[in-house]
Every structure is written in C-alpha cells, then in structure tokens.
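Quick notes on the structure that follows.
Along the sequence shown, residues are numbered consecutively beginning with 1. Quick caveat: nothing in here was measured; it's all calculated off a predicted structure. Because only heavy atoms are used, hydrogens play no part in the values below, and waters and symmetry mates are left out as well, while side chains stay in.
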Amino acid sequence: MSELVVPLGRSVAYTLSLLLVKILVLLIAFMVVAANIVFDHYAAPSGLLLIPVVAALTTGLIMFRGPQGPPYLKMSLCVLLLVLQDVGIKLWGAAHMMTKAKQYSIYYC
C-alpha cells in the first residue's frame with residue numbers, strides 16, 4: 001500500500017489544495033488561449049491584436065503560478081500553449097476571414 005508523501009510541516013489537505021491550485025492555473029491558461037481563438041473567429045482583427053497580451057498572460061501564469069518542476073517542463077507547457085494559440089488562430093480564426101475575402105472578391109470582380 002503506497003502512501004502520499006507529504007513534506008514536513010504540511011498536512012495532506014494543504015498539499016492537495018496546492019496541487020488543485022496548480023491544475024486550476026493550467027486550466028485557466030488553456031481557457032484564456034481558447035477564448036482568444038474563439039474571439040478571433042468572431043472578431044478577427046481584434047483577436048489578432050490580443051495575441052501578445054494572451055501570450056504574456058499564459059506564460060506568466062505558467063511560469064509563476066504553474067506546476068513546480070524543472071524549467072524545461074514549464075517552458076514546454078508555455079510553448080505548447082503558444083503553438084496551440086497560433087494553430088487555432090490560423091486554422092479556425094483565419095478561415096472565417098478567408099471566406100469573407102472570397103465573397104468580396106467574387107462580388108467586386
């Protein structure tokens with residue numbers, strides 16, 4: 001039977017609450033990226049302008065409030081979220097703009 005290893009001076013409940021906070025921070029960072037992708041789909045130019053703000057917010061959340069561990073883990077999580085944002089905006093957000101551009105070019109040409 002394995003037991004939960006708890007650092008000296010901390011209770012199991014405190015350690016679990018810290019773990020839940022770290023997981024919540026990761027979920028919030030993911031939700032910020034997802035919200036920006038959805039916002040870019042419906043308000044395309046404004047979503048593109050928010051990319052630096054979202055990148056700074058998600059990176060700050062993961063680096064300062066995210067899971068404890070080696071720096072390469074934190075860096076990988078940041079890169080994963082930034083790539084997810086970039087791919088999401090290019091594939092889902094830009095598709096709406098391309099449809100509009102195609103409609104305008106057919107109408108005016």
Side-chain angles (χ1 to χ4, degrees):
M1 182 179 197
S2 66
E3 295 180 18
L4 181 65
V5 178
V6 179
L8 292 175
R10 292 188 179 171
S11 67
V12 175
Y14 180 75
T15 305
L16 288 177
S17 67
L18 285 179
L19 179 65
L20 289 175
V21 167
K22 302 301 180 184
I23 292 172
L24 185 65
V25 165
L26 288 176
L27 287 174
I28 289 172
F30 179 77
M31 293 300 290
V32 167
V33 169
N36 190 33
I37 292 170
V38 170
F39 183 68
D40 182 63
H41 181 70
Y42 292 109
S46 302
L48 292 175
L49 293 174
L50 289 176
I51 289 175
V53 174
V54 170
L57 182 64
T58 56
T59 303
L61 277 172
I62 292 203
M63 286 301 200
F64 298 116
R65 298 289 181 206
Q68 299 296 322
Y72 294 117
L73 173 69
K74 290 183 176 187
M75 181 194 65
S76 299
L77 286 171
C78 291
V79 167
L80 178 73
L81 284 174
L82 293 177
V83 166
L84 178 70
Q85 178 183 6
D86 188 45
V87 168
I89 284 178
K90 286 182 180 176
L91 291 181
W92 199 55
H96 183 66
M97 288 293 289
M98 293 304 235
T99 306
K100 291 254 186 212
K102 205 180 288 184
Q103 289 171 352
Y104 291 141
S105 66
I106 290 171
Y107 180 72
Y108 289 115
C109 292

So K22 and L26, side-chain contact (heavy atoms from CB on, under 4.5 Å) or not? Walk me through it. CA-CA 6 Å; K22 302 301 180 184; L26 288 176; over 6 Å; no

If I take atom OG1 from residue T58 and atom CE from residue M31, how far apart are they, to the nearest 0.5 angstrom? 14.0 Å

Verify the cluster assignment for F39 and L49: are they in a single hydrophobic cluster under the rule of side-chain heavy atoms below 4.5 Å apart? no

Side chains of L81 and V32, heavy atoms from C-beta outward: is any pair under 4.5 Å? no

Could you measure the distance from the CD1 atom of I62 to the CG atom of L57? Nearest 0.5 Å is fine. 10.0 Å

Taking all non-hydrogen atoms of both residues into account, name the closest pair between P67 and L77 and its distance. CG-CD1, 3.9 Å

hydrophobic_cluster_shared for L48 and L82, side chain cutoff 4.5 Å: no

If two hydrophobic side chains count as joined below 4.5 Å and joins carry through other members, does V25 share a cluster with F64? no

Picking from L80, D40, N36, what satisfies side-chain contact (heavy atoms from CB on, under 4.5 Å) with Q85? N36

Please round to the nearest 0.5 Å and tell me the distance separating atom OG1 of T59 and atom NZ of K74. 12.0 Å

Same hydrophobic cluster for I51 and Y42, using side-chain heavy-atom links shorter than 4.5 Å among ILVMFWY? yes

L24 reachable from L61 in the ILVMFWY side-chain graph, under 4.5 Å edges: yes

